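Structure, as structure tokens:
A, B, ... follow the sequence lines: proteins, then strands. Residue 1 opens every chain. Note that the structure is a prediction, hence the values are computed from the model and not measured.
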Amino acid sequence: QITLKESGPTLVKPTQTLTLTCTFSGFSLSSSGVGVGWIRQPPGKALEWLALMYWNDDKRYSPSLKSRLTITKDTSKNQVVLTMTNMDPVDTATYYCAQTPYGSGSYSYWGQGTLVTVSS
Amino acid sequence: DIQMTQSPSTLSASVGDRVTITCRASQSISSWLAWYQQKPGKAPKLLIYKASSLESGVPPRFSGSGSGTEFTLTISNLQPDDFATYYCQQYNSYSTFGQGTKVEIK
């Protein structure tokens with residue numbers, strides 16, 4: 001059974017750096033083709049793709065947010081970490097991590113999401 | 001960046017109806033398109049990948065078609081559980097989601 005779960009702060013101040021951890025089970029990020037991505041959704045708005053980490057350490061970032069994002073993995077801990085710098089109130093959203101099998105880019109398994117509020 | 005435009009934004013339908021949602025890409029994405037269903041407070045659920053492949057466990061009343069820049073999601077015989085918001089996602093170049101289509105009860 002594949003599961004993913006996001007963890008991190010629920011409240012961050014403007015200009016701070018957000019660090020979110022995705023802890024997963026039921027698959028290995030060392031298996032060929034597998035990837036773990038991050039997607040966010042502001043309250044009442046659409047989904048926005050952020051970043052993707054592949055099994056081979058290849059990384060992809062949203063062009064509009066690339067300068068603020070870093071994605072890393074710890075295969076031994078079954079974790080993928082996303083950091084986003086210079087947080088702003090417009091970054092308030094539910095952040096999801098999700099798994100894409102076979103390098104496809106469509107996400108078959110999702111975490112429950114974690115709401116991050118940016119406010120002073 | 002590839003932009004994804006869904007239409008309509010809202011769709012009113014009745015149980016048993018056949019509904020169609022359209023997604024247009026700003027440039028060709030071949031068949032690298034997925035469709036998701038999302039209910040309030042829940043994570044999205046993958047329905048269709050590679051434009052027309054049905055994800056395991058998804059009822060066959062859901063179908064997808066298209067290639068290049070124009071795609072459709074069709075729900076035949078709409079069921080009460082299908083009232084939700086639907087998103088398309090391209091993954092040809094990085095990834096982009098559409099703005100969503102809410103299917104509501106007529």
Interchain contact, I39(A) with chain B, by part (heavy-atom threshold 4.5 Å): side chain
Is Q38(B) close to Q41(A) at the side-chain level, that is, under 4.5 Å between some pair of heavy atoms? yes
Does K39(B) NZ have over 12 foreign heavy atoms under 6.0 Å away? yes
Between A34(B) and chain A, which part of the residue has a heavy atom less than 4.5 Å away: side chain, backbone, both or neither? side chain
Does W38(A) share a hydrophobic cluster with V81(A), counting links as ILVMFWY side-chain heavy atoms below 4.5 Å and allowing steps through other members? no
Between W32(B) and S106(A), does the side-chain contact (heavy atoms from CB on, under 4.5 Å) criterion hold? Intermediate values first, please. CA-CA 8 Å; W32(B) 302 113; S106(A) 60; over 6 Å; no
At under 4.5 Å between heavy atoms, what parts of residues 76-104 of chain B are in contact with chain A? List them by residue number. Y87(B), Q89(B), Y91(B), Y94(B), S95(B), F97(B), G98(B), Q99(B)
Which portion of P44(B) sits near chain A, non-hydrogen atoms under 4.5 angstrom: both
For Y109(A), I'd like to know if atom OH has over 12 heavy atoms of other residues, nucleotides or ligands within 6.0 Å. no
Would a hydrophobic clustering, with Ile, Leu, Val, Met, Phe, Trp and Tyr connected at side-chain separations under 4.5 Å, put L54(B) with L47(B)? yes
Indicate if Y95(A) and W49(A) have the same hydrophobic cluster label, given that clusters are the connected sets of ILVMFWY residues with side-chain heavy-atom separations under 4.5 angstrom. no
Got Y49(B) and S108(A) here, is their nearest side-chain heavy-atom distance under 4.5 Å? no
Side chain, backbone, both or neither: which part of K45(B) has an atom under 4.5 Å from a heavy atom of chain A? neither
Treating Ile, Leu, Val, Met, Phe, Trp and Tyr as nodes and any side-chain heavy-atom pair under 4.5 angstrom as an edge, say whether I71(A) and L20(A) lie in one connected cluster. yes
In terms of hydrophobic clusters joined by side-chain contacts under 4.5 Å, are L52(A) and L29(A) together? no
Check the surroundings of atom NZ in K59(A): do more than 12 heavy atoms from other residues, nucleotides or ligands lie under 6.0 Å from it? yes
What residue in A51(A), P63(A), A98(A) has the most heavy-atom pairs under 4.5 Å with chain B? P63(A)
Go through the atoms of Y61(A) and report whether side chain, backbone, both or neither lie under 4.5 Å from a heavy atom of chain B. backbone
Relative to chain B, which segment of Y96(A) carries a heavy atom at a distance below 4.5 Å: side chain, backbone, both, or neither? side chain
CZ/R18(B): more than 12 non-hydrogen atoms of other groups inside 6.0 Å: no
